[in-house]
Amino acid sequence: MKKAQHSHCRSAETKTKLIARLRKIEGQTRAIEKMIEDDRACIDILRLIASVSGALRGIWAETLNDHLKGCIRESLENHDDSLVDELVEHLKKIK
């Protein structure tokens with residue numbers, strides 16, 4: 001089995017969209033910090049944390065989709081399952 005080359009399988013449009021979402025999340029995390037500093041209500045902080053967590057899960061899912069439909073598909077077409085093995089090991093570690 002040969003080692004797969006790591007390709008970048010997302011489009012420029014997807015990359016731009018993901019970066020914009022990450023910048024929004026960055027702003028939300030700064031807002032959480034400010035809310036804690038300002039002794040805001042715990043429920044308000046928890047709501048924003050849940051929002052950030054959901055947004056990160058969305059980025060994770062979209063990146064996984066890109067990886068499966070692009071990188072892994074290409075790898076399998078080249079009869080190389082190393083990226084599948086790598087992904088399986090990664091998924092085993094997720095809690």
Side-chain angles (χ1 to χ4, degrees):
M1 171 174 46
K2 63 183 176 179
K3 180 70 174 164
Q5 293 180 340
H6 293 279
S7 61
H8 303 284
C9 48
R10 73 192 55 82
S11 68
E13 179 182 344
T14 299
K15 182 178 176 178
T16 299
K17 186 171 87 171
L18 289 174
I19 290 170
R21 288 170 67 187
L22 286 166
R23 288 185 179 146
K24 180 178 179 181
I25 291 167
E26 181 181 22
Q28 289 175 313
T29 58
R30 282 193 305 271
I32 292 167
E33 180 181 1
K34 178 88 169 99
M35 292 170 79
I36 291 170
E37 287 173 351
D38 294 346
D39 292 322
R40 294 276 302 272
C42 293
I43 193 67
D44 294 335
I45 297 168
L46 290 170
R47 285 183 182 124
L48 190 50
I49 290 170
S51 177
V52 168
S53 180
L56 283 172
R57 281 191 306 275
I59 290 171
W60 185 89
E62 189 159 342
T63 302
L64 177 61
N65 182 59
D66 290 344
H67 189 52
L68 291 170
K69 290 183 176 179
C71 304
I72 289 183
R73 177 185 289 155
E74 180 182 318
S75 176
L76 293 175
E77 287 171 355
N78 292 318
H79 307 287
D80 177 4
D81 60 354
S82 64
L83 288 183
V84 174
D85 296 338
E86 181 181 61
L87 179 59
V88 168
E89 286 305 310
H90 169 71
L91 293 174
K92 285 179 185 177
K93 295 175 184 177
I94 295 175
K95 303 209 185 295

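Each residue takes its place number in the sequence, starting with 1. Keep in mind it's a predicted model, so treat the numbers as computed, not measured.
No continuous path of hydrophobic side-chain contacts links I43 to I49 [ILVMFWY only; heavy atoms under 4.5 Å]. Hydrophobic clustering (side-chain heavy atoms under 4.5 Å, transitive across Ile, Leu, Val, Met, Phe, Trp, Tyr) keeps L56 apart from L46. Under a hydrophobic-cluster definition in which Ile, Leu, Val, Met, Phe, Trp and Tyr are linked whenever side-chain heavy atoms come within less than 4.5 Å, directly or via other members, L22 and L64 are assigned to different clusters. L18 and W60 are not part of a single hydrophobic cluster, where members link through side-chain heavy atoms under 4.5 Å apart.
In this structure, I59 CD1 and K24 NZ are separated by 10.5 Å, a value rounded to the nearest 0.5 Å. Note that NE2 of H67 and CD of E86 are 6.0 Å apart. Values are rounded to the nearest 0.5 Å.
Side-chain N or O atoms of N78 include none that pairs as donor or acceptor with a backbone N or O of D80 at under 3.5 Å. Looking only at distances, no side-chain donor or acceptor of R21 sits under 3.5 Å from a matching main-chain atom of K17.
Across every non-hydrogen atom of T14 and E62, the tightest pair is CG2-OE2, 3.5 Å. Residues R10 and T63 approach most closely at NH2-CG2, 4.0 Å, considering heavy atoms. Across L76 and V84, no two heavy atoms sit closer than the pair CD2-CG2, 3.9 Å. R40 and D44 make their closest contact through NH2-OD2, 3.9 Å (heavy atoms, listed as atom of the first residue, atom of the second, distance). Minimum interatomic distance between S75 and L83 (heavy atoms only, all atoms of both residues): CB-CD1, 3.9 Å. Scanning both residues, L48 and Q28, for their nearest heavy atoms gives CD2-O, 3.7 Å.
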Set out, in order, the CA-CA distance, both residues' side-chain angles and the distance that settles salt bridge (charged side-chain N to carboxylate O under 4.0 Å, His left out) for K93 and E89, then state yes or no. CA-CA 7 Å; K93 295 175 184 177; E89 286 305 310; 5.7 Å; no

So E37 and K34, salt bridge (charged side-chain N to carboxylate O under 4.0 Å, His left out) or not? Walk me through it. CA-CA 5 Å; E37 287 173 351; K34 178 88 169 99; 5.1 Å; no

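The environment of CD in E13 is sparse: at most 12 heavy-atom neighbours from other residues, nucleotides or ligands sit within 6.0 Å.
Under 3.5 Å, the side chains of R47 and S51 contain no donor-acceptor pair of N or O atoms.
Side-chain contact between L68 and L87 is present, with heavy atoms from C-beta onward closer than 4.5 Å.
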